[in-house]
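Data block below; observations after.
Computed from a predicted structure; not experimentally measured. Numbered from 1 within each chain, the chains take letters A, B, ... in sequence-line order.
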2 protein chains.
Amino acid sequence: MPTMSSLTIGALAKRTGVKIPTIRYYESIGLLPEAPRTGSNRRSYDDGAVNRLRFIRHARELGFEVEAIRQLLTMADDPGRPCREADRLARTHLAEIESRIARLEALRDEVRRMVEGCAQDQVRSCHVIEVLADHAHCLHDRH
Amino acid sequence: MPTMSSLTIGALAKRTGVKIPTIRYYESIGLLPEAPRTGSNRRSYDDGAVNRLRFIRHARELGFEVEAIRQLLTMADDPGRPCREADRLARTHLAEIESRIARLEALRDEVRRMVEGCAQDQVRSCHVIEVLADHAHCLHDRH
DNA sequence: CTAGATCCTCCAGCGACTGGAGGATCAAGA
DNA sequence: TCTTGATCCTCCAGTCGCTGGAGGATCTAG
């Protein structure tokens, strides 16, 4: 039962998997509130900070940008409000992910074609170089 | 027949779709050779530069990092050498792309689940916020 | 001749960290 | 009690691949 525990920044880092400089960075940009200090000026954290940092980390891992996370945190801090905003944010993000996947798949096909065409012989006849040198070899126009 | 044309940096930018500061940046990091200058100190380019810059742009769009492009350019400049290196580079890159796609797909599923679970009601019961706050809601451990 | 477009260099900033220098403080063992 | 090593602090600079602005020179068209 970790209830009235007070953590150093190092302990917080270990618990959340977020590096120490990154925690300080989050504080500096206002994603984390300024941590209260001990007599010797060291930051001390409670379980609330652990949760907040985990939230941030998780959202970052899911690819949300810091600005989006800032908004999500504001919403999470105010549980009575309608969550349409959170939903919209997540949907926008989903669309972005889907478009990234599509572009990467086009890319993959291109590079695959490149690799498969290479006779492993000499640069003179290397499909990789050829494709890079001339966009006309590409199946896609998107890039 | 564009043969003995000499281009300003602006014209080169238009032809290749690469912005002027970016061209200068590529020169500064040695991806492009130092352009010869006119009497009034302006860079002037020939068709070789157009091709080289297109090569770079294309490779960047395919997601190659600048260091990889540097190597590819060295290879492209020396067509007699075996192309095993180019092939290896492209294969490494392919593997990276495939792993990125896989990770993004896991992500997409997660965010989709998040969005679909949202009752559009209040933050209190918002699946989006909930999922972000607690990784245990996730299907994947990878993140 | 003049106005506006284009060029030059230098420098600072983006996002999201990451790491090092140089110094203070803590916790544990001898 | 002393000392050693771990941990903390702040500040600053660097990463990557650009991007854009300031301030000034030069070109081109009318």
**Fill in**
Taken to the nearest whole Å, CD1/A:I23 to P/C:dG19 is 14 Å
**Prompt:** Can you tell me how far C1' of C:dA16 sits from CG of A:L31, to the nearest Å?
**Reply:** 10 Å
**Message:** Base, sugar-phosphate or nothing for A:I20? Non-hydrogen atoms, less than 4.0 Å.
**Reply:** sugar-phosphate
**Item:** Proximity to the side chain of B:E65 - top-ranked nucleotide from C:dC7, C:dC17, D:dG17
**Value:** D:dG17
**Asked** Whole-Å distance between D:dT7 C1' and A:K19 NZ?
**Response** 17 Å
**Request:** For the side chain of A:Y25, starting at C-beta, report the closest nucleotide among C:dA16, C:dC7, D:dT19.
**Result:** C:dA16
**Message:** Measuring from the side chain of B:P21 (C-beta onward, heavy atoms only), which nucleotide among D:dG17, C:dC8, D:dG20 has the closest atom?
**Reply:** D:dG20
**Prompt:** Which part of the nucleic acid, if any, lies within reach of A:R43 when heavy atoms closer than 4.0 Å are counted: base, sugar-phosphate only, or nothing?
**Reply:** sugar-phosphate
**Prompt:** With a 4.0 Å cut-off on heavy atoms, is B:R60 in touch with a base, just the backbone sugar-phosphate, or nothing at all?
**Reply:** sugar-phosphate
**Asked** Can you check whether A:S40 has a side-chain N or O nearer than 4.0 Å to OP1 or OP2 of C:dC26?
**Response** yes
**Check: A:R60 side chain, A:F64 main-chain N or O, donor-acceptor pair, under 3.5 Å** = yes
**Item:** Electrostatic pair A:D77:A:R52 at N-O distance under 4.0 angstrom
**Value:** yes
**Item:** D:dT7 phosphate, OP1 or OP2, under 4.0 Å from A:T8 side-chain N/O
**Value:** no
**OP1 or OP2 of C:dT18 under 4.0 Å from side-chain N/O of A:T22** = yes
**Presence of A:R24 side-chain N/O under 4.0 Å of D:dC9 phosphate oxygens OP1/OP2** = yes
**Prompt:** Hey, is B:E27 close enough to B:R43 for a salt bridge, meaning N to O under 4.0 Å?
**Reply:** yes
**Request:** Using atom CD1 of B:I69 as one end and atom P of D:dG17 as the other, report the distance to the nearest whole Å.
**Result:** 8 Å
**Along DNA chain D (nearest heavy atom to each residue), the more 5'-positioned of B:R42 and B:E67** = B:E67
**Asked** Rounded to whole angstrom units, what separation is found between the CD atom of A:E34 and the C1' atom of D:dC9?
**Response** 15 Å
**Prompt:** Any side-chain N or O of B:R37 under 4.0 Å from OP1/OP2 of C:dC7?
**Reply:** no
**Chi angles and distances behind the salt bridge (charged side-chain N to carboxylate O under 4.0 Å, His left out) call for B:R113, B:E116** = CA-CA 5 Å; B:R113 255 169 36 87; B:E116 279 162 11; over 6 Å; no
**Between P of C:dC8 and CG of B:N41, the distance in whole Å** = 7 Å
**Prompt:** Touch check for B:I9, heavy atoms < 4.0 angstrom, all strands: base, sugar-phosphate only, or nothing?
**Reply:** sugar-phosphate
**Request:** Using a strict 4.0 Å threshold on nitrogen-to-oxygen distance, state whether B:E98 and A:R112 make a salt bridge.
**Result:** yes
**Fill in**
Taken to the nearest whole Å, CG/A:L32 to P/C:dA16 is 15 Å
**Message:** Whether B:Y26 contacts D:dC18 is assessed here as follows: a side-chain N or O lying under 4.0 Å from the phosphate OP1 or OP2. Is that the case?
**Reply:** yes
**Item:** Presence of salt bridge, B:E61 and B:R54, under 4.0 angstrom
**Value:** no
**Fill in**
Whole-Å distance, A:F64 CZ to C:dA16 P, equals 13 Å
